[in-house]
Protein chains: 2
Amino acid sequence: MGSVPSENRRERKKLDTRQKIVKIGMYFFRKQGFDSTTMEQIANEVDISKATLYNYFPVKESIIGDYWQGNIKEFKFQILEMIQLLPDTRSRVQRTFTKAAAELFKSKEDIYKIYLSYWLRNLNNQSVNERLRSGFEDIFTMIIKLGQHAGDVRKDMSVELLVKYLEVLFLTVCINWLSDPKLFPLEATLAQTVSLFIEGAGLGSRKSKTKNEGEESAQGKLL
Amino acid sequence: MGSVPSENRRERKKLDTRQKIVKIGMYFFRKQGFDSTTMEQIANEVDISKATLYNYFPVKESIIGDYWQGNIKEFKFQILEMIQLLPDTRSRVQRTFTKAAAELFKSKEDIYKIYLSYWLRNLNNQSVNERLRSGFEDIFTMIIKLGQHAGDVRKDMSVELLVKYLEVLFLTVCINWLSDPKLFPLEATLAQTVSLFIEGAGLGSRKSKTKNEGEESAQGKLL
DNA sequence: TACAATATTAAACGATATCCAATTATATGT
DNA sequence: ACATATAATTGGATATCGTTTAATATTGTA
């Protein structure tokens, strides 16, 4: 478990309590839902006082944040490696989407739901949002940068905006899927979304906008 | 003000109190922020008991919801008319975005932040969402349908999905702007987002779009 | 051991929301 | 106009919960 042993006992204990809180907290969140789990309940189960709990996690939601961060780390590492081997932006996005869906949601659907609502809840909270992020930001940033460099992603937009766009598209698919799996089957919708991201919703020729060539010759196809 | 007089006095009075609550509530929200305004304060100022207040608005946020709904109605009417006069999907989306942004954020921004996060929070809550909606749904639906019919919007994606994307894109731009106006200036970002939605992020020729080729039986047709 | 830094805690706080029995206002039938 | 039923309002008590505070206990270190 604790791979990096902290210097002194105090630190070790703190880390231990911290992990215990996250573990038990997540257990309750899963079992009875986020809102119906009280801080007191968690504190009691961990066998610390509520105040101590707040010393570790200043707001309830941050317990999820902690869990999520730990979870996403390995995923991020794997995907960042994989991405560089793929030939183009489309396949990179596609791969990221499906892998994320498979690993993060499929297995832990309920948790992600909680995390999503946490994320949404704090969209308007700058400080929290700063530390929080979706976890995908780094991945998407790399994808966009690679794409812009290789030339299959437009350069007339900031990396930040494109990244946000990707995040939001992905998020939407997930929310839709969670709220209505039949109407929005995960795999299919993700595939469509990749296409939407790359090619857009429009069918008309690329007029005015793009400075780069208008390459709409291949347009007839819609599919 | 009260253009549609209700049948009996009781209903009239109810409507009156309701409006009074919203008016005073919004006043406080603007003046001291949402969180620092208590239900008790509102009740006192409206001169009703807290219980009555809760009888009208079961949760604090719903006061904002009410305000929002009243606000969006006229807007919707105007935009739906305007839209049909515009030549293509791009201009329709563009116009809707800019007008919506101008309209919605003309007053104190914080309020909408709260409402937006309220809305987002309940995105996957069917029942709440039913009453809530973004208010844009109808507009976007019309835009997409017009576009698909006219042939400048792809038909291999469901109207519902495209509408959801539009909704969430718009909200994202707004939220980004609210949280960092310098990094995401409203007008420019909205314009870019429209372009992203229509043309996509890619630059490569439109190759193999998706695997589900079954779709394009009727594809040659329009356009 | 002494003492400063740090961690822990019980208790309190402020707010949302609910519930209730009593009271008041309104609608309706006669 | 009156009586009666129906619905809205009320103050007040209460539960619950997240978060804070101020005092206490523990630990690291000189």
Side-chain angles (χ1 to χ4, degrees), chain A residues 5-22 24-26 28-29 31-66 114 117-118 121-122 124-125 127-128 131-132, chain B residues 2 5-22 24-26 28-29 31-66 114-115 117-118 121-122 125 127-128 131:
Chain A
S6 306
E7 25 196 80
N8 58 43
R9 179 189 292 110
R10 193 170 252 173
E11 289 303 314
R12 272 197 306 278
K13 280 198 144 185
K14 275 180 74 173
L15 186 62
D16 192 62
T17 326
R18 192 176 183 81
Q19 291 174 334
K20 215 154 142 194
I21 293 171
V22 173
I24 288 175
M26 292 309 295
F28 279 130
F29 294 161
K31 192 172 131 201
Q32 17 174 290
F34 182 76
D35 285 336
S36 343
T37 302
T38 73
M39 290 299 259
E40 192 147 32
Q41 190 180 16
I42 297 174
N44 284 340
E45 191 63 31
V46 181
D47 201 31
I48 55 178
S49 91
K50 207 163 40 146
T52 307
L53 176 51
Y54 271 93
N55 190 32
Y56 282 88
F57 294 95
V59 301
K60 193 176 169 188
E61 282 91 344
S62 58
I63 298 175
I64 300 183
D66 214 63
I114 298 166
S117 80
Y118 173 37
R121 204 176 303 216
N122 289 301
N124 65 341
N125 183 338
S127 60
V128 175
R131 294 185 307 97
L132 195 62
Chain B
S6 306
E7 28 194 75
N8 57 41
R9 180 192 287 105
R10 195 171 251 170
E11 290 303 314
R12 273 198 304 278
K13 280 200 145 184
K14 275 179 74 172
L15 186 63
D16 193 62
T17 354
R18 181 166 259 277
Q19 289 174 335
K20 214 153 141 195
I21 293 171
V22 172
I24 289 176
M26 293 305 295
F28 279 132
F29 294 161
K31 192 173 133 203
Q32 10 172 298
F34 182 75
D35 286 335
S36 347
T37 304
T38 73
M39 289 299 259
E40 193 146 31
Q41 189 180 16
I42 297 174
N44 284 340
E45 191 64 30
V46 181
D47 201 30
I48 56 178
S49 90
K50 204 166 42 149
T52 307
L53 177 51
Y54 272 97
N55 191 33
Y56 281 88
F57 294 94
V59 302
K60 198 175 165 188
E61 281 92 342
S62 58
I63 296 176
I64 300 184
D66 214 65
I114 295 160
Y115 181 72
S117 93
Y118 177 41
R121 195 154 97 205
N122 292 305
N125 182 339
S127 62
V128 174
R131 293 184 308 100

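Side-chain atoms are counted along with the backbone in the values below, which use heavy atoms only and exclude waters and symmetry mates. Within every chain, numbering begins at 1; the chains are lettered A, B, ... in the order of the sequence lines, protein sequences first and strands thereafter.
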Using side chain to side chain contact (heavy atoms under 4.5 Å, CB included) as the criterion, list what pairs up with B:Lys13, not counting sequence neighbours.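 Testing B:Lys13 for side chain to side chain contact (heavy atoms under 4.5 Å, CB included), a comparison that skips the adjacent residues, returns B:Arg9.
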
Integer-rounded Å distance: [N] [atom2] and [X] [atom1]:
{"X": "B:Asp16", "N": "D:dA8", "atom1": "CG", "atom2": "C1'", "answer": "15 Å"}
{"X": "B:Lys14", "N": "D:dT6", "atom1": "NZ", "atom2": "C1'", "answer": "12 Å"}
{"X": "A:Ile63", "N": "D:dT19", "atom1": "CD1", "atom2": "P", "answer": "10 Å"}
{"X": "A:Leu53", "N": "D:dT20", "atom1": "CG", "atom2": "C1'", "answer": "14 Å"}
{"X": "A:Met39", "N": "C:dT9", "atom1": "CE", "atom2": "C1'", "answer": "15 Å"}
{"X": "A:Leu15", "N": "C:dA7", "atom1": "CG", "atom2": "C1'", "answer": "15 Å"}
{"X": "B:Arg12", "N": "C:dA25", "atom1": "CZ", "atom2": "C1'", "answer": "14 Å"}
{"X": "A:Tyr54", "N": "D:dT21", "atom1": "OH", "atom2": "C1'", "answer": "14 Å"}

May I ask you to say what [X] touches in the nucleic acid, namely base, sugar-phosphate or nothing, with a heavy-atom cut-off under 4.0 Å?
{"X": "A:Thr17", "answer": "nothing"}
{"X": "A:Phe57", "answer": "nothing"}
{"X": "A:Ser36", "answer": "nothing"}

Hey, does the side chain of B:Asn55 come within less than 4.0 Å of D:dA8's phosphate (OP1/OP2), counting only N and O?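 Checking D:dA8 against B:Asn55, no side-chain N or O comes under 4.0 Å of OP1 or OP2.
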
So how far is it from [X] [atom1] to [Y] [atom2], rounded to the nearest 0.5 Å?
{"X": "B:Ile63", "Y": "B:Arg18", "atom1": "CD1", "atom2": "CZ", "answer": "9.5 Å"}
{"X": "A:Asn55", "Y": "A:Ile21", "atom1": "CG", "atom2": "CD1", "answer": "9.0 Å"}
{"X": "B:Phe28", "Y": "B:Met39", "atom1": "CZ", "atom2": "CE", "answer": "13.0 Å"}

Residue [X], side-chain atoms from C-beta onward, closest of [options]:
{"X": "A:Thr52", "options": "C:dT8, C:dA17, C:dC19", "result": "C:dT8"}
{"X": "B:Lys13", "options": "D:dT19, D:dT27, C:dA25", "result": "C:dA25"}
{"X": "B:Ala51", "options": "D:dG12, C:dA17, C:dT9", "result": "D:dG12"}

Which pairs would a plain distance check flag for residues 47-54 of chain A, meaning a side-chain donor or acceptor within less than 3.5 Å of a matching protein atom at least two apart in sequence or in another chain?
{"unit_1": "A:Ser49", "atom_1": "OG", "unit_2": "A:Ala51", "atom_2": "N", "d": "3.2"}
{"unit_1": "A:Ser49", "atom_1": "OG", "unit_2": "A:Thr52", "atom_2": "N", "d": "3.2"}
{"unit_1": "A:Ser49", "atom_1": "OG", "unit_2": "A:Thr52", "atom_2": "OG1", "d": "3.2"}

Would you call A:Lys60 and A:Phe29 a side-chain contact if the rule is heavy atoms closer than 4.5 Å?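 The answer is yes, as the side chains (C-beta and beyond) meet within the 4.5 Å cut-off.
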
Do A:Ile64 and A:Phe57 have side chains that get closer than 4.5 Å, going by heavy atoms?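 A side-chain contact is absent here, since even the closest heavy-atom pair is not under 4.5 Å.
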
Is there a residue in residues 40-50 of chain A whose heavy atoms reach under 4.0 Å of DNA chain D, and which residues are they?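 Correct list: A:Lys50.
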
